[in-house]
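The block underneath contains the structure these notes are about, expressed in structure tokens.
One is the number of the first residue; the rest follow in order along the sequence. For clarity, every value in this text was computed on a predicted model and none was experimentally measured. Remember, it's 1-based here, ligands and their atoms both numbered in the order they're listed.
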Amino acid sequence: MLALTVLLTSAAKRVAAFADATGRRLPTRGATRLCLCLLCGLFAAAAHAEDGYELWLRYHPLPAAQAEAARLHATVLVAPSSTPTQQVTRQELQRGLDGLLGRATPSVDAPSADGAVVVGTPSSSPLVARLKLDTARLGKDGYLIRSTSIDGHAVTVVAANDDVGALYGSFHLLRLLQTEQPLEHLDIREAPKLELRVLDHWDNLNGHVERGYAGNSIWDWQKLPDWLDPRYTDYARANASIGINGAVLNNVNAQAAILTPLYLEKVKALAGVLRPYGIRVYLSVKFSAPIEIGGLKTADPLDPQVQRWWHNKADEIYRLIPDFGGFLVKANSEGQPGPQDYHRTHADGANMLADALAPHGGVVMWRAFVYSQENNDDRAKQAYTEFKPLDGKFRANVLLQVKNGPIDFQPREPFNPLFGAMPKTPLMMEFQITKEYLGFATHLAYLGPLFEETLSTDTLAKGKGSTVAKVIDGQLDHHALTGIAGVANIGTDRDWTGSDFNQANWYAYGRLAWNPTASSRDIANDWVRMTFSNDEAFVRPVVDMMMRSREAVVDYMTPLGLHHQMGHGHHYGPAPWDASGPRADWTPVYYHRADHDGIGFDRSSTGSNAVAQYAPIVAAQFDDVSRTPEAYLLWFHHLPWSYRLHSGQTLWESLVAHYTHGVDEVASMRATWSRLDGMIDDARYRKEAAFLGIQQKEAQWWRDASIAYFQSLNGLPLPAGYQPPAHPLSYYESLTFPYVPGYQ
Ligand code: GCV
């Protein structure tokens, strides 16, 4: 209290003196009141601050000792502000430094003492130019952060070739501060390994987000272009801070209306907000748009009128948005129209759009997620069957966007066999950040390990070391055009992603998009420090818990290579018994193939032979049940319940053990979290505690329902020591969920 009074009195005196100096009269009593109001405002803001809105960009004051040390390296800021990107860079640094260091950091033209932060490019900053730093191989987006000196004064320089690189470097410098890293002897050199680092929003024009669990779409189409919600700017800041440079604004199940003048004006307004942050906008387009909004009778890609329509549409878009990124297309998949409606190939369709965009420098991201109910072949094989023969047939500005696994963003899938199989085509990774299959908003499932697992897998396509990361970053097959996409988990919820922990998945995606060989543990470590606390006693257990969380979900939902076992349509909860329509390849029974004798999908050479789509050594491994990693066992093999695993357990025993272990892991995560009570703000602590409670309940439900169902088929007793399901199978089968978010 005494400290507060002293602080208040001294602040009031300063305010009064300042008023005096500027020719205004403000007695000390008035100034005290003013300060009190400001202080109350600050406290009120602080009370509201911890609702997750700030994401990982929390610039709260560092502890005194760290702040004091850091202040020596940020005495003043020397940063240009002529262009919009330079302006937002300077604003961000100002905001970050002021907040973290607990005092205003003056902006000056040149350092006159030690400790300046100098930011810029050789053309925006004469000081940076004078340093003649080696920025040659940094490209447009890369940057250097270096401790050096200018005119005898020690400085920290953030240098790049382009404004956007300086922006990325500035966020990196702030991250060093936020995570309490030493600021001496810095020599950091960063350049992204992938060119297009994109978020795909599955947002419909009515505000609904397909597979969205964090509220509605953040794009307020109704009020655009006139009202620019400040959220758009914070969205751009968050993305720029992790290097994301593209946003597909609308759902791949696209509405043609997005291409009408009414909506293009709105898209233009959003592009204007995102542009200073280095983010280009892209649109998902509906292949039948020439018919739906163009008045044509066909959308045949070889029809000259159709081609002209798309050319004109591209011209119209680029007149409004000169840096427009391009189109994302879902065609001939799950009911979407496409070139095959006219007996043309996917390449014909993609190339027609690519030709329309090429004069403007735009790209087509054509999705490989295709499968058809008319095709009786294993769904897991269909994308490869369709696209492999088209390798080399796409225009230079087409990327094929391939989901990480051959089915659909399951908790675990082997890598998609297209990676490594289409050397003449740039393949773009598609990950799902929103947790459609991993517990929606509430389950803690840190996806960093899932992303890392896929990226680091060796396809063996060109010998050892042909990792998926090297396929998509262009190293393996020498592609200059490279990219990655993540299906966003963002919505209007105050915390953006439906839970604080889901923010980590957005963050990890961005960091891995920048560097696909980064470690998901290191990324989690940074995220926890920036989002919650630098206290080791908090960081260590939370990072550990995050790193185990995805495996826990695999265990309680779909262990040992099982997949697609969720409820029909809405995808909420377990439904392994479901054999209902409208199509077999949307039902769990299609995937587990369980009966009295065994379980699993035989994709070996004696089954669907999906294994043959992999490089020979990988194929041979997956084909041989004794060499198939147990994590993929039932993905590739149909086995008797009595099959013995390497552990000596039977398949049934192991399955029950995995389901149970998954639930135990959640209980252990919950116990860990409960020990951390009091170490972070109450609001976020309590929300995540409640969500872990939901997760435990639902993990138990997954385990019990799955065991009850499989037991009803095999008639086997539970292994000794395992609890029976809480309810009979009929109870689980009777549950219905008419209002699940993210669906319809
Ligand atoms: C956007 C899955 C999802 C669909 C999604 C589709 C896709 O099938 O359930 O909601 O549609 O994938 O990726 O196109």
Side-chain angles (χ1 to χ4, degrees), residues 198-214 217 247-256 258 282-287 327-338 340 346 349-350 365-373 375 379-380 382-383 386-387 399-411 413 416 418 428-441 447 454 484-491 509 557-558 563-573 575 578 580-588 590-591 737 740-744:
V198 181
L199 273 186
D200 289 355
H201 290 266
W202 285 358
D203 295 16
N204 296 332
L205 300 183
N206 65 0
H208 179 262
V209 181
E210 182 159 347
R211 312 306 178 185
Y213 311 104
S217 171
V248 183
L249 302 179
N250 60 320
N251 192 353
V252 285
N253 289 331
Q255 292 152 295
I258 193 73
Y282 298 74
L283 292 176
S284 293
V285 296
K286 192 161 187 180
F287 205 76
F327 296 148
L328 171 63
V329 192
K330 172 174 177 177
N332 293 119
S333 167
E334 299 185 334
Q336 292 299 315
Q340 291 181 329
H346 282 276
M365 301 177 288
W366 191 269
R367 294 178 90 224
F369 178 67
V370 301
Y371 62 103
S372 157
Q373 59 179 335
N375 186 343
R379 172 174 161 188
Q382 294 185 29
E386 190 74 55
F387 283 97
L399 297 115
L400 194 63
Q401 185 167 303
V402 181
K403 288 190 181 181
N404 57 288
I407 296 287
D408 191 12
F409 300 137
Q410 294 300 296
E413 297 194 29
N416 195 315
L418 280 169
M428 185 172 180
M429 171 63 74
E430 181 174 351
F431 282 129
Q432 192 179 47
I433 310 171
T434 187
K435 302 206 310 295
E436 175 180 358
Y437 300 106
L438 287 102
F440 292 7
L447 301 180
T454 308
I484 186 166
V487 180
N489 60 351
I490 297 162
Y509 165 72
M557 287 189 182
T558 47
H563 47 289
H564 209 289
Q565 297 300 296
M566 65 290 158
H568 183 86
H570 53 63
H571 297 173
Y572 175 60
D578 178 32
S580 62
R583 43 195 289 183
D585 56 8
W586 282 353
T587 64
Y590 173 90
Y591 296 96
F737 305 97
V740 173
Y743 180 55
Q744 302 299 2

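Of the candidates W586, W202, Y371, it is W202 that places a heavy atom closest to atom 5 (C) of ligand 1. Of the options F409, F369, Y743, the smallest heavy-atom separation from atom 7 (C) of ligand 1 is shown by F369. Between atom 12 (O) of ligand 1 and the options H570, R367, K403, the minimum heavy-atom separation is to K403.
Panel note: side chain N204, backbone N206; no donor-acceptor pair is recorded below 3.5 Å.
Here the options are H571, R211, E210, the test is side-chain contact (heavy atoms from CB on, under 4.5 Å), and the partner is Y743; only R211 passes.
Residues Q432 and K403 are not in side-chain contact: their nearest non-hydrogen atoms beyond the backbone lie 4.5 Å or more apart.
Contact record, A368 with L400: CB-CG, 4.0 Å, taken as the closest heavy-atom pair.
Residue contacts with ligand 1, taken as heavy atom pairs separated by less than 4.0 Å, do not involve V487 at all. Looking at Y437 against ligand 1, only its side chain comes within 4.0 Å, counting heavy atoms.
For a threshold of 3.5 Å applied to N or O pairs, the pair formed by N253 and ligand 1 contains at least one separation below that value. Between D408 and ligand 1, at least one N/O pair is under 3.5 Å apart. Between R211 and ligand 1, at least one N/O pair is under 3.5 Å apart.
Less than 4.0 angstrom separates some heavy atom of H571 from each of these atoms of ligand 1: 9 (O). Heavy-atom proximity to N251, at under 4.0 Å, picks out these atoms of ligand 1: 1 (C). Counting the atoms of ligand 1 from 1 in the order shown, those under 4.0 Å from a heavy atom of V252 are 1 (C), 14 (O).
With 3.5 Å as the limit, one finds a donor-acceptor pair spanning the side chains of D200 and Q401. When only modelled atom types and interatomic distance are considered, D585 and Q373 share no side-chain donor-acceptor pair under 3.5 Å. For the residue pair Y371 and E334, a side-chain donor N or O sits within less than 3.5 Å of a side-chain acceptor on the partner.
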